[in-house]
2 protein chains.
Amino acid sequence: MNLVGDWWTLLILRDAFFGAQRFGEFQASLGVARNILANRLDGLVRSSILARQGPPRRPRYTLTDKGRALLPALVALQQWGDVWASPNGAPILVTDEAGAVLQPVELRSRRGPVDATNVRFVAGPDATARTRAFLAAVAGERP
Amino acid sequence: MNLVGDWWTLLILRDAFFGAQRFGEFQASLGVARNILANRLDGLVRSSILARQGPPRRPRYTLTDKGRALLPALVALQQWGDVWASPNGAPILVTDEAGAVLQPVELRSRRGPVDATNVRFVAGPDATARTRAFLAAVAGERP
DNA sequence: CTGTATCCTTAAAGATACTG
DNA sequence: CAGTATCTTTAAGGATACAG
């Protein structure tokens, strides 16, 4: 969340996946103020989510492996919007290289697909005491 | 993005999936100001992502189907953070009802798993002229 | 074209006190 | 307990001009 949980940052990443690479492309597409865009791009580069390439005077911003790894999360969010919040159908289709539309992202364990109502959250080995306390508190609330 | 693309909103939803239902639980967990929390909860209820249940004086906020449908996106984001942005392992594990950890969310088409580098975005039937123009522009940029 | 620097305006956020 | 109301502070965002 600290790295990508920001309004403009998420939109910049979306455009990056669409293929935008230049400062001007992001600016024209998003209509964001230049100083804000520069700030967000800088943050994404410092987080190694985008890489600055080419001449310093006219760089291209490209997704790193770390950045590309965000695609499932963004596609899942887009699919949610298409189904639950888009009045007239999906404006943009996400496909594979052959043009086949992607299936809805789903949660799976080794035992197969997992429905949202069956998902559980448990403290990991490195969870803080605060996290454990919170999970225990809300778990006891609705058995 | 208009519905959930907000810092506190995303954290509220995360806590809701963990099991939080009461105003006080969210407030204690997040440390957010009461007025802000009330504002965000109201927005989520108006968006039908959360439902207000029980007595008006002491309501419980529960996820609707629309809200639960967000889980894949949030899990995908969490998995990304665990792999790419978490210094010491995952603090919280996501499992199925039997305790089996969920597999990484992946993109699939009918033809099988799809790598991020092979994903394409194409204008849907209801895309605006603006969307089409943008996609065409960035597509021509890097063939 | 890609920023940086500056100013200005607005909105978000926090703190606090209060109420049903 | 779950808000509402009010006030203050802070930060974000936008507009503009300028520079490399």
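Chain identifiers are assigned alphabetically (A, B, ...) following the order of the sequence lines, protein sequences preceding nucleic acid strands; residue numbering begins at 1 within each chain. Predicted model, so just to flag it, every value in this text is computed and none were measured.
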#### Entry: Full working for salt bridge (charged side-chain N to carboxylate O under 4.0 Å, His left out) between B:R120 and A:D96
CA-CA 6 Å; B:R120 305 279 180 269; A:D96 64 14; over 6 Å; no

### Atom pair distance, as rounded to whole Å: CD in B:Q53 and P in D:dA2
14 Å

### Message
In this structure, how many angstroms lie between the P atom of C:dA13 and the CG atom of B:L11, rounded?
### Response
11 Å

### A:G31 vs A:R34, nearer the 5' end of DNA chain D by closest nucleotide
A:G31

### Message
At less than 4.0 Å, is any side-chain N or O atom of B:W8 found next to OP1 or OP2 of C:dG14? Yes or no.
### Response
yes

#### Entry: Value in whole Å for how far the C1' atom of D:dA11 lies from CG of A:N39
12 Å

#### Entry: Aromatic plane relationship, B:F17 with A:F121 - under 30° parallel, 30 to 60° tilted, over 60° perpendicular
tilted

## Note on the structure
Closest heavy-atom pair, B:L77 versus A:A73, reported as atoms and distance to 0.1 Å, is N-CB, 3.8 Å

### Message
I want to verify a distance call: between D:dG14, C:dG14, D:dA12, whose nearest atom is closest to the B:I36 side chain?
### Response
C:dG14

### Query
So what does B:P59 hit on the nucleic acid, given a heavy-atom distance under 4.0 Å: a base, only sugar-phosphate, or nothing?
sugar-phosphate

### Query
B:Q27 has an atom CD; how far is it from atom C1' of C:dG14, in whole Å?
11 Å

### Message
When you compare the side chains of B:Y61 and B:R22, does any donor N or O come within less than 3.5 Å of an acceptor on the partner?
### Response
no

### Query
Over how many whole Å does the gap from B:F23 atom CZ to C:dT19 atom C1' extend?
14 Å

### Query
Roughly how many Å is it from CG in B:D42 to P in C:dA12, rounded to a whole number?
14 Å

### Query
Going by heavy atoms in the side chains, are A:L41 and A:I12 under 4.5 Å from each other?
yes

### Message
Check this one for me: any side-chain N or O of B:R52 less than 4.0 Å away from OP1 or OP2 of D:dG3?
### Response
yes

#### Entry: Whichever of A:N35 and A:Y61 has its nearest DNA chain C nucleotide further upstream toward 5'
A:Y61

### Task
Find which nucleotide of DNA chain D each of A:R57 and A:D6 is nearest to by heavy atoms, and output the residue with the more 5' nucleotide.
A:D6

### Summary
Ranking C:dT2, D:dG14, D:dG3 by distance to the side chain of A:V32, first place goes to D:dG14

### Query
Rounded to whole angstrom units, what separation is found between the CZ atom of B:R40 and the C1' atom of D:dG3?
16 Å

#### Entry: Distance in angstrom units between A:L41 CG and D:dG13 P, rounded
14 Å

